[in-house]
Each structure stands twice: as C-alpha cells, then as structure tokens.
Number of protein chains: 2
Amino acid sequence: MTTMTSTSGDTHSVAERRLRQADQRYTPGRRAIISLLLSAGHPVSIEDIASQLPDLPRSSAYRHLTDLESAGLVRRVAAGDEFTRFELAEDLTGHHHHLVCLNCGKVTDVILPSGFEQQAARAIARLADEAGFQAHSHRLDVLGLCAACR
Amino acid sequence: MTTMTSTSGDTHSVAERRLRQADQRYTPGRRAIISLLLSAGHPVSIEDIASQLPDLPRSSAYRHLTDLESAGLVRRVAAGDEFTRFELAEDLTGHHHHLVCLNCGKVTDVILPSGFEQQAARAIARLADEAGFQAHSHRLDVLGLCAACR
DNA sequence: CTACTTGCAAATGCTTTGCAGGAGA
DNA sequence: TCTCCTGCAAAGCATTTGCAAGTAG
C-alpha cells in the first residue's frame, strides 16, 4: 500500500513511541489492532475485530484497546446504537466526523469544509465560554440511512 | 428569553396521545419519568431516575424508557462515557446540543445560533448527498470540563 | 531477573425478560 | 373480560479482572 496519507507509514512508530512512554510494549496483538484500525478507515466494533483477528481473544482485544486508549492512540466512539466502536486517535487521522446508519450501524468517516469547521469552532468557543465550560473537542455525527439501507 | 417553548404544558397530552397510538397507556410511572425529564432540562441517567423516583423499580424504569422511546417521546443519548442517558425527543424540546463533561459526566443542553445551524445543515446535506447517505438528523456534542470540574 | 503480556475462566454490572398478580377500559 | 402494566427474581451480555504462565529486555 504505497498511496497512503504518509502518516500511515509512521503510525506504527508513533504507536511504539507512545506506548513506551507508558512503559508498555508494542506487541503483535496491539500492532494487529492498530493495523486493522488503520486499514478500516472508519470506527470498528469488537465484533469486527474478533472476526478479522480470530486468534486474538476478546479479553485481550478489550485490554489492548484500553491500553491503546490510555496511550492516546485509540478513541472510543459511541455510535449511539450501543455497539462500542474504536478508531485511531484524531491526531493520527485528522479531524473528521461520522455518518452513522441508524439501520445497520455502519459508520463512515467524513471531513467537513474547513470554513465550516472554523465557524463551528467559533460558535462553540463562545457558547462554552458563556457556560463556564472548558471545551476540549467536539463531535458531530450525522444520523440517517446509508446508501445500502436507504 | 423565556426558554419555555410552550410545549411544556402540552407535553403530557402529547405523551398520552402518542402512547395511545401504540395501544399503550400513560400510567403514573411513565408520567413520572416524563415529568422528571421535563424538569431536568438535560439528559438524565438511570441513576438519576432511580434516585429521584425511589419507588420506581429499575426494571420498570428501563421498560418505560424503552416504551417511551418507541412512542417517539424519549431519545437515548450516548454521553460517550458509557452511562446511557435519556432526554425528551427533540420535537418536544427543540433542536439543541450538549456540553459533555469528561470528568463528571454532566451533560448540559445548549442552543447554537440559527445561522450556524443553517450552515451546518447545508454542509451536512451536501456531504451526505455525495456519500449516498440519507441524513435524518445530526448531533453535535462539545466535550470538555464543566465549570465545577475545570 | 524483573516487568509487562496474555489466555482462560470467573466475576461484574448494566439492561432485559419471564411470569404472575394488578389495573385500566 | 381482555389487554396492558408492573414488580420481582432470574437471565443475558458486553466488558472487566484475577491468576498463572509466557516473553521481551
């Protein structure tokens, strides 16, 4: 896979580095999960992971995801339809949002125009400020039906 | 700005009507939950419900919430920090978003400028269209620290 | 050697459900 | 009287954790 966003090649080294900072190792199991998230390009569920990595016990998958999350490499995504999903941390993938299918649960990554993001950031900053709220990030999900389910 | 969208007084009759459409009754337990959601003004957890309605068994609370959701009166909210919360359906409260505290889980309702919402709707519509996705609604949550936790 | 990993099985904890008695229409 | 509602206890399930063996450094 040569035509990737250039960060893909570095992701593994970033992963190793961040894990080391937490005195943890970048083992095959963890690497397999990062690779899977990398190639998926959208949030995946435990089911997805279990079916694509049959030899990785679920308990290990859960543990790895927790560890990777602590290391700032993975982020939990609440699809809304109670199926916890996981994706690479935003600083590894870039800021994006999700199209969530209410029927099949499929989640697709999308990027909004930067002009929109800027206005959103402004509106959010002002609102948060008024509420004494310290905003860290935001998530914008579009709910509806995917091409296959509509 | 009196944030009473005038629907508050009618909410109970709307609830009764919608439940009847599903051959269900607007019983005291269900009414208590609707009242609680109405007065809370923000998403509440099962814990909140249990503590404020001590005589309502959790199993009944869960069942009621499921029924109310089916009747289009209540919506499940994924706060992100795995504590399912519930709020009144958007057509009863008006479109709004959430400030989610990453520390204590508190969720506050906020309303964004209509100009922003319009631009958001446009950006979303175009994107969804390109993806063959049929957008129904969107949710925008701001994650950070509330005034008490910052 | 010492510390981090992992699998398996057991334990959790939230949520759902089977049933039988109650209550509204 | 028929159907829906409720409580309690039991069941389900996704997720977490204790433990002991495995392995990287």
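Residue numbers start from 1 in every chain, and the chains themselves are labelled A, B, ... in the order their sequence lines are given, proteins ahead of strands. Side chains included, hydrogens not; waters and symmetry mates left out as well; all remaining heavy atoms used.
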For a quick test of your reading: what N or O donor-acceptor pairs under 3.5 Å do the side chains of residues 142-150 of chain A make, sequence neighbours left out?
from     : atom 1 : to       : atom 2 : distance (Å)
A:Arg150 : NH1    : B:Gly132 : O      : 3.2

Check your understanding: Please give, in whole Å, the distance from D:dG22 P to A:Arg63 CZ?
Key -> 16 Å

Practice item. Would you please indicate if the ring centroids of B:His96 and B:His98 are separated by under 6.0 Å? Key: yes

Review point. When you check the phosphate oxygens OP1 and OP2 of C:dC4, does a side-chain N or O of A:Thr27 lie under 4.0 Å from one of them?
Key: no

**Study point:** Nearest-angstrom distance from the residue atom CG of A:Leu65 to P of D:dA14
**Key:** 16 Å

Review point. Are A:His64 and C:dT5 close enough that a side-chain N or O sits under 4.0 Å from OP1 or OP2?
Key: no

Point to revise | Salt-bridge contact B:Glu47-B:Arg58 (side-chain N to carboxylate O under 4.0 Å) | key: yes

Review point. Are any of the side-chain heavy atoms of A:Arg30 and A:Asp67 separated by less than 4.5 Å?
Key: yes

Check your understanding: Passes salt bridge (Lys or Arg N to Asp or Glu O under 4.0 Å), A:Asp10 versus A:Arg17? Steps please.
Key -> CA-CA 11 Å; A:Asp10 305 321; A:Arg17 205 175 313 135; over 6 Å; no

Check your understanding: Out of B:Leu88, B:Thr84, B:Val107, which residue meets the side chain to side chain contact (heavy atoms under 4.5 Å, CB included) rule with B:Pro43?
Key -> B:Val107

Practice item. Starting at atom CG of A:Asp67, determine the distance to atom P of C:dG7, rounded to an integer number of angstrom. Key: 13 Å

Review point. Does OP1 or OP2 of D:dC5 have a side-chain N or O of B:Arg30 closer than 4.0 Å?
Key: yes

Practice item. Using heavy atoms and a sub-4.0 Å distance, could you list which residues of residues 52-61 of chain A are near DNA chain C? By number, please. Key: A:Pro57, A:Ser59, A:Ser60

**Study point:** Ion pair check, B:Glu117 and B:Arg122, cut-off under 4.0 Å
**Key:** no

Exercise for review: Check the distance between C:dT6's C1' and A:Tyr26's OH and give it to me in whole angstrom.
Suggested key: 17 Å

Point to revise | Electrostatic pair A:Arg75:A:Glu69 at N-O distance under 4.0 angstrom | key: no

Study note, to complete from the structure: Per the under-4.0 Å heavy-atom filter, residues of residues 17-25 of chain B near DNA chain D come out as B:Asp23, B:Gln24, B:Arg25

Check your understanding: B:Glu16 CD to D:dC5 P: how many Å, rounded?
Key -> 12 Å

Review point. Does A:Ser45 offer a backbone N or O that forms a donor-acceptor pair with the side chain of A:Asp48 under 3.5 Å?
Key: yes

